[in-house]
*Asks:* 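Quick one: the structure is below, and I'll ask about it shortly.
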2 protein chains.
Amino acid sequence: MTGWEDIRAEVLRRIRARDWPPGQVIPGEEALAQEFGVARATVNRALTALAEAGFLERRRKSGTRVAETPVRRATLDIPILRHEIEAQGRAYAFRLLDHRLMLPPLAVTTRLGLAPDQPMLWLETVHLADGHPHAHEARWLNPALLPDPCPDFSALSANEWLVRTLAFTAGDLAFLAEAAEGRVAEVFGVTAGAALLVMERTTWSGDQPITLLRLTHAPGHRVQMMV
Amino acid sequence: MTGWEDIRAEVLRRIRARDWPPGQVIPGEEALAQEFGVARATVNRALTALAEAGFLERRRKSGTRVAETPVRRATLDIPILRHEIEAQGRAYAFRLLDHRLMLPPLAVTTRLGLAPDQPMLWLETVHLADGHPHAHEARWLNPALLPDPCPDFSALSANEWLVRTLAFTAGDLAFLAEAAEGRVAEVFGVTAGAALLVMERTTWSGDQPITLLRLTHAPGHRVQMMV
DNA sequence: TGGGGCATTATGTCTAGACATATTAGCGAG
DNA sequence: CTCGCTAATATGTCTAGACATAATGCCCCA
């Protein structure tokens with residue numbers, strides 16, 4: 001009847017009800033195990049989960065205390081554009097606008113830690129939902145990782161090729177707002193200067209950078225996260 | 001020498017090295033336990049962690065398989081503005097621009113599921129770092145949850161009051177880009193139409209909405225997430 | 001042939017006990 | 001008084017075994 005999820009729920013209730021206010025040290029695992037009539041390992045499972053979620057802070061010897069700043073963690077399920085669009089019952093397609101080897105801007109080489117005089121593969125793609133532009137993708141690829149000959153990215157999306165082929169070990173992700181300009185404005189059919197949401201992502205294979213991706217969303221797009 | 005974290009690392013290595021490609025069913029816990037020379041519970045701990053991180057999908061009876069779409073989950077540590085600013089060694093302050101009871105726009109009542117003719121408490125705040133505007137906060141508060149008399153939000157930030165006082169059980173969070181206008185443009189000293197990043201957040205206490213918050217960031221701001 | 005029920009199977013969870021490890025508080029020496 | 005060692009302590013992890021639960025797929029019966 002009392003599983004670790006019940007215990008997690010009960011502890012969370014006490015935190016929210018301010019029975020155990022922020023900063024307070026809560027009873028030890030042994031004591032809670034006795035109170036709930038379970039083994040210590042079961043209490044440990046529950047408290048560990050709450051600590052991972054950011055509700056508790058645990059330290060050996062000093063014990064477990066309620067976090068001062070409750071729920072400060074949110075998770076984002078990064079959508080695969082094709083799935084996201086098809087899940088809405090719309091037809092997915094993409095069009096490769098441009099791809100060539102060229103010298104990246106300094107901001108790109110700096111972020112990736114590459115030599116500034118090294119040309120990289122530049123890919124520009126538009127993702128379509130029912131024929132309407134849904135997102136604009138600009139990608140810089142480290143050419144050192146590409147096979148010879150280069151895959152045909154007009155048939156297979158670069159994203160899917162990467163996912164299938166390369167092992168990646170780390171990455172980061174940022175959101176920012178940017179004014180539409182040039183080709184992006186043209187793609188979405190908005191006037192230059194319109195506010196667009198950009199997701200920027202870099203991925204690494206060990207200490208080698210794989211790619212830098214800038215995904216510009218259509219006007220009005222919201223990226224939803226779960227708390 | 002072989003703890004559950006080592007096992008997690010080794011399994012992750014095999015996934016990334018394509019020893020176990022996406023979609024593949026990997027050996028059962030019993031087999032892995034034997035291979036690594038540990039108890040099944042230890043393997044379970046490692047695989048459970050990888051499943052939570054999105055690398056594996058586990059189902060009773062059918063077993064554990066490598067996820068088709070690797071790493072599709074990112075976490076955001078929602079910053080408390082004051083801490084974020086002070087961590088950069090800058091002085092934090094905020095100024096309450098406006099607060100009054102007024103009828104919210106339909107979009108707000110719809111999102112919160114409240115009656116459209118019910119006035120709500122409106123708070124408009126600017127957060128400052130070293131005196132410079134860092135973020136603009138617009139907040140609608142459910143007046144049913146406020147004590148009488150209403151707390152003095154010019155002395156205590158609404159956010160901190162809420163965190164200290166109300167239990168919240170759920171919430172969601174979205175990012176979008178928006179053109180600067182009116183007071184927001186004025187606060188940041190940008191021309192109307194400039195692209196700004198907005199974080200929108202609603203919080204609930206059970207089925208009662210607590211607040212809807214729109215945090216507009218200063219021009220050029222990036223919200224960084226960890227993958 | 002089709003469908004319902006049952007055996008099988010892999011994961012999910014729990015227990016009791018043990019040892020490991022980080023961290024703190026206190027003690028003692030210089 | 002301060003530094004460094006030590007003992008105490010709460011969490012972290014592991015084990016071996018057990019039972020629970022969700023799916024699957026097979027067998028049997030209609």
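Every chain is numbered from 1, with letters handed out A, B, ... down the list of sequences.
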*Asks:* How do P27(B) and R60(A) order along DNA chain C: which one's closest nucleotide is nearer the 5' end?
*Replies:* P27(B)

*Asks:* Taking the side chain from T110(B) and the backbone from L106(B), do they hold a donor-acceptor pair closer than 3.5 Å?
*Replies:* yes

*Asks:* Please tell me which of the listed nucleotides, dT11(C), dT15(D), dT11(D), lies nearest to the side chain of R40(B)?
*Replies:* dT11(C)

*Asks:* For the helix from dT1(C)-dA30(D) to dG30(C)-dC1(D), measure the angle between the helix axis at one end and the axis at the other, each built from five pairs, rounding to 10°.
*Replies:* 10°

*Asks:* Run the ring-ring contact (aromatic ring centres under 6.0 Å, His included) test on H134(B) and H217(B) for me, step by step, so that the C-alpha distance in whole Å, both residues' side-chain angles and the decisive distance to 0.1 Å come before the verdict.
*Replies:* CA-CA 6 Å; H134(B) 183 262; H217(B) 292 88; 7.1 Å; no

*Asks:* Between dG12(D) atom C1' and E52(A) atom CD, what is the distance in whole Å?
*Replies:* 13 Å

*Asks:* Which heavy atom in L197(B) sits nearest to a heavy atom in A177(A), and how many Å separate them?
*Replies:* N-CB, 3.4 Å

*Asks:* Judged by atom type as modelled, is there a donor-acceptor pair below 3.5 Å linking the side chain of H136(A) to the main-chain atoms of V126(A)?
*Replies:* no

*Asks:* Which of the following nucleotides, dG12(C), dT24(C), dA22(C), is nearest to the side chain of R59(A)?
*Replies:* dT24(C)

*Asks:* Would you please say whether a donor-acceptor pair under 3.5 Å links the side chains of N142(B) and Q208(B)?
*Replies:* no

*Asks:* Between dA20(D) atom P and E5(A) atom CD, what is the distance in whole Å?
*Replies:* 18 Å

*Asks:* Nearest to the side chain of W4(B) - dT13(D), dT15(D), dT24(D)?
*Replies:* dT13(D)

*Asks:* Over 60° means perpendicular and under 30° means parallel, so tell me whether F94(A) and H127(A) are parallel, tilted or perpendicular.
*Replies:* tilted

*Asks:* With respect to the side chain of T64(B), which nucleotide from dT13(D), dT11(D), dT11(C) is positioned closest?
*Replies:* dT11(C)

*Asks:* Give the intermediate values and the outcome of side chain to side chain contact (heavy atoms under 4.5 Å, CB included) for residues F175(B) and L76(A).
*Replies:* CA-CA 11 Å; F175(B) 287 95; L76(A) 167 71; over 6 Å; no

*Asks:* Does any N or O in the side chain of D130(B) come within less than 3.5 Å of the main-chain N or O of A91(B), such that one atom is a donor and the other an acceptor?
*Replies:* yes

*Asks:* Please give me every residue in residues 42-50 of chain A whose heavy atoms get under 4.0 Å of an atom in DNA chain D, ordered by residue number.
*Replies:* N44(A)

*Asks:* For nucleotides 5-7 of chain D, tabulate all protein N/O to nucleotide N/O atom pairs closer than 3.5 Å, reporting atom names and distance.
*Replies:*
none

*Asks:* What is the separation between atom CZ on R8(A) and atom C1' on dT13(C), rounded to the nearest whole Å?
*Replies:* 14 Å

*Asks:* Given the rule in the side chain to side chain contact (heavy atoms under 4.5 Å, CB included) test, do T211(A) and T202(A) qualify, once you have shown the distances and angles that lead to the verdict?
*Replies:* CA-CA 6 Å; T211(A) 185; T202(A) 63; over 6 Å; no

*Asks:* Starting from P on dA10(D), measure out to CG on L32(A) and report it in whole angstrom.
*Replies:* 12 Å

*Asks:* So, does R14(B) use its side chain to make a donor-acceptor pair with the main chain of D19(B) at under 3.5 Å?
*Replies:* no

*Asks:* Report the residue (A41(A) or G63(A)) whose heavy-atom-nearest nucleotide on DNA chain D is the more 5′ of the two.
*Replies:* G63(A)

*Asks:* Between I15(B) and L56(B), is the side chain to side chain contact (heavy atoms under 4.5 Å, CB included) condition met? List the steps.
*Replies:* CA-CA 9 Å; I15(B) 293 170; L56(B) 294 174; 3.8 Å; yes

*Asks:* Report the distance from atom CG of L56(A) to atom C1' of dT11(D), rounded to the nearest whole Å.
*Replies:* 13 Å

*Asks:* When the distance from CD of E29(B) to P of dC14(D) is rounded to whole Å, what number comes out?
*Replies:* 14 Å

*Asks:* Which of the following nucleotides, dG12(C), dG12(D), dT24(D), is nearest to the side chain of R58(B)?
*Replies:* dG12(C)

*Asks:* Please report the closest heavy-atom contact between W161(B) and L145(B), naming both atoms and the distance.
*Replies:* CH2-O, 4.5 Å

